[in-house]
Amino acid sequence: MADNATQTTDFAVFTGPVFRPGEPGYEAEIAGFQTAYTHRPALVVGAAHAEDVRAAVEYAARHGLPVAVQATGHGLSVAAEGGVLISTARMTDIRIDSGTRTARVGAGVRAGALVEAAARFGLAPLNGSSPSVGVVGYTLGGGLGLLAREFGYAADHVRTIELVTADGRMRTLRPGDELFGAVLGSGGNFGVVTALELGLVPVRTVYGGQLVFDEPLAGPALEAWRQWTATVPEQLTSTVTTLTYPDIPQVPEALRGRYVASIRVAFDGSAEEGERLVAPLRAVGARLRDDLRDMPYTESHTIHSDPDHPHAYAATNAVLGELTGDALAALAAATGPVGSIPAVVDIRHLGGALGRPSQAGVSVDRRDAAYVVRVITMPAPAAGAGVPAEHGAVREVLAPWTIGHSLAFLYGAGDGADDAQTRAGYAPDTYARLAALKSKYDPHNMFRFNRNIRPAA
Ligand SMILES: Cc1cc2nc3c(=O)[nH]c(=O)nc-3n(C[C@H](O)[C@H](O)[C@H](O)COP(=O)(O)OP(=O)(O)OC[C@H]3O[C@@H](n4cnc5c(N)ncnc54)[C@H](O)[C@@H]3O)c2cc1C
């Protein structure tokens, strides 16, 4: 790194604040949603706009430093040790064009803010379960939304990408450009996105919520959900989650300390039709909670009610070609109340529009997948980035039905974010295409603090 006097001159180009270790504001700037570990860069640039991002990349290139990016810290995979961290949290500009049904979002926009902004025009983005996740990071990972079976991956709805590449150039990418589909589905491997233009959909309300079954009915509810998913239309996307609620005052009394199966439903249709569709699930028996209702899309974050406070978490996943009764029983035996793996297990139903090929070469593979199983464990705070032993055990249980792994749903466990794990997230020809483009656009692997695609030799 350059000496202090040179650095101070260099830093004058930034509009946003700049922090080095030990300086006031450094710890607050690197803090994110994931608390098990954090980036520890030599320099953080709190980018105020795209030009700050460009200048930060140029600075890193000049000094031969690697670059990490953080908007919210939900998806931290490989923590930076040294190098430059570009913090995009200040880049929260949202512009909606109701005529073209598009939104242009800055790199720091969170899903909840975009949902609110789009709703003023009777529109909705293809956001996922949590309002606090960053729109750009989510979309670069593919983006599996609440209504994913109806509309497909969020990445398939991107119109333009504004990107700063390792050479310090700002580029605007459109379908047909060779980097366009490579950027979508590969995290931050090709540069720093400063803004995305996204397609919106005309959805004002959604019928949905949760059906929560207590332990004695959890098994029958899982099996009923499995069979039911084969019958539902594309307009309905659902997830089943099993977990033991902690016995703490923040949890509603009826749920405290209980092992439950919670079915989360989002249906783009009338409440009458929704009620008819969910009847086989209600027939399983009494619910601890049943809040299915017609709601404004702005309340759709209540469907999953994801935790909104920063905490330590780790997760693995398996993408399945089918979910047989045997697969479900094996998973429940391993992770249920008498199983050996304490975890939150969440199975998302795929198919529908998710199965259609991308028109723009988007790098999201396994489109023949029928379900994705996520297994989330809670490491001790500051446990570091090791791979929890339970993750290997659960992968083994699901191995006979597994056709791949989703990189977007691997949380924490950064030590395991090796080449083999990244390759398993893609079809071999997709990985080869991405590696070739990486050697062209980022030959020195500046953008390596991610599920890293190594430049092809
Ligand atoms: C509670 C929770 C709920 C979730 N729900 C869903 C869901 O429903 N569907 C789904 O598909 N995913 C979901 N995810 C996964 C989520 O989409 C990824 O973790 C995503 O990477 C988070 O992006 P972020 O910007 O919020 O996080 P960050 O940690 O800030 O960023 C994650 C990574 O994205 C890349 N990145 C972020 N911004 C940029 C940028 N401007 N330019 C280049 N690269 C960038 C970087 O590699 C960065 O390390 C969820 C995650 C959590 C923790």
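Atoms within a ligand are numbered from 1 in the order they appear, just like the ligands themselves. Excluded from the calculations below are hydrogen atoms, water molecules and symmetry mates; all remaining heavy atoms, backbone and side chain alike, are included.
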Lys/Arg cation over aromatic Y245: R256, 6.0 Å, 45° cone: no
Reported NE2-to-OG1 distance for the pair H49 and T194, which is rounded to 0.5 angstrom: 11.5 Å
Carboxylate-amine/guanidinium contact E162 R171, below 4.0 Å: no
Numbered atoms and elements of ligand 1 in range of T72, under 4.0 angstrom, heavy atoms: 24 (P), 26 (O), 27 (O), 30 (O)
Numbering as shown, the atoms of ligand 1 that approach A408 to under 4.0 Å (heavy-atom distance): 15 (C)
G191 near ligand 1 by a heavy-atom separation under 4.0 Å: yes
Salt bridge (charged side-chain N to carboxylate O under 4.0 Å, His left out) between R226 and E322, intermediate numbers included: CA-CA 10 Å; R226 185 185 75 82; E322 58 174 345; over 6 Å; no
Q210 (side chain) donor-acceptor with I303 (main chain) under 3.5 angstrom: yes
Close-contact set for ligand 1 against S130 heavy atoms, below 4.0 Å: 3 (C)
Pairing of E234 and R356 as salt bridge, 4.0 angstrom limit: yes
Contact partition for A71 relative to ligand 1, non-hydrogen atoms under 4.0 Å: both
V136 contact mode with ligand 1 (heavy-atom cut-off under 4.0 Å): side chain
Polar contact flag for H74 and ligand 1 (N/O pairs, less than 3.5 Å): yes
Atom 5 (N) of ligand 1: the protein heavy-atom neighbour that sits closest, reported with distance to 0.1 Å: S129 OG, 3.1 Å
For atom 38 (N) of ligand 1, closest protein heavy-atom neighbour: V69 CG1, 3.9 Å
Heavy atoms from other residues, nucleotides or ligands near CZ of R395 exceed 12 (cutoff 6.0 Å): yes
Heavy-atom nearest option to atom 4 (C) of ligand 1, drawn from Y411, Y138, F190: Y411
For atom 47 (O) of ligand 1, closest protein heavy-atom neighbour: G188 N, 3.6 Å
NZ/NE/NH1/NH2 to OD/OE distance under 4.0 Å, R264 and D291: no
L140, portion touching ligand 1 at heavy-atom distance under 4.0 Å: side chain
Part of R348 with heavy atoms under 4.0 Å of ligand 1, whether side chain, backbone, both or neither: side chain
From CA spacing to verdict: salt bridge (charged side-chain N to carboxylate O under 4.0 Å, His left out), E197, R95: CA-CA 9 Å; E197 190 191 351; R95 277 178 245 160; over 6 Å; no
Sub-4.0 Å atoms of ligand 1 with respect to non-hydrogen atoms of L76: 29 (O)
Centroid-centroid distance, Y411 to Y313, less than 6.0 Å: yes
For ligand 1, the portion of L144 having any non-hydrogen atom under 4.0 Å away: both
H444 side chain near S439 side chain, heavy-atom distance below 4.5 Å: no
Per atom 42 (N) of ligand 1, closest listed option by heavy atom (V193, I376, L146): V193
Atoms in ligand 1 flagged as close to Q70, the criterion being non-hydrogen separation under 4.0 Å: 30 (O)
Parallel, tilted or perpendicular: rings of H311 and F33 (30°, 60°): perpendicular
Nearest non-hydrogen protein atom, atom 16 (C) of ligand 1: V133 CG1, 4.1 Å
Pair R54 + D52: basic N to acidic O under 4.0 Å: no
Parallel, tilted or perpendicular: rings of F11 and Y59 (30°, 60°): tilted
Heavy-atom nearest option to atom 32 (C) of ligand 1, drawn from A155, G75, G137, G32: G75
Shortest protein contact, atom 3 (C) of ligand 1 (heavy atom only): D306 OD2, 3.5 Å
Those atoms of ligand 1 less than 4.0 Å from some heavy atom in G134: 24 (P), 25 (O), 26 (O)
Contacting atoms of ligand 1, where contact means under 4.0 angstrom from a heavy atom of V192: 42 (N), 43 (C)
Options Y313, Y153, F409, F33, ranked by nearest heavy atom to atom 12 (N) of ligand 1, top entry: F409
Atoms in ligand 1 flagged as close to G73, the criterion being non-hydrogen separation under 4.0 Å: 27 (O), 28 (P), 29 (O), 30 (O)
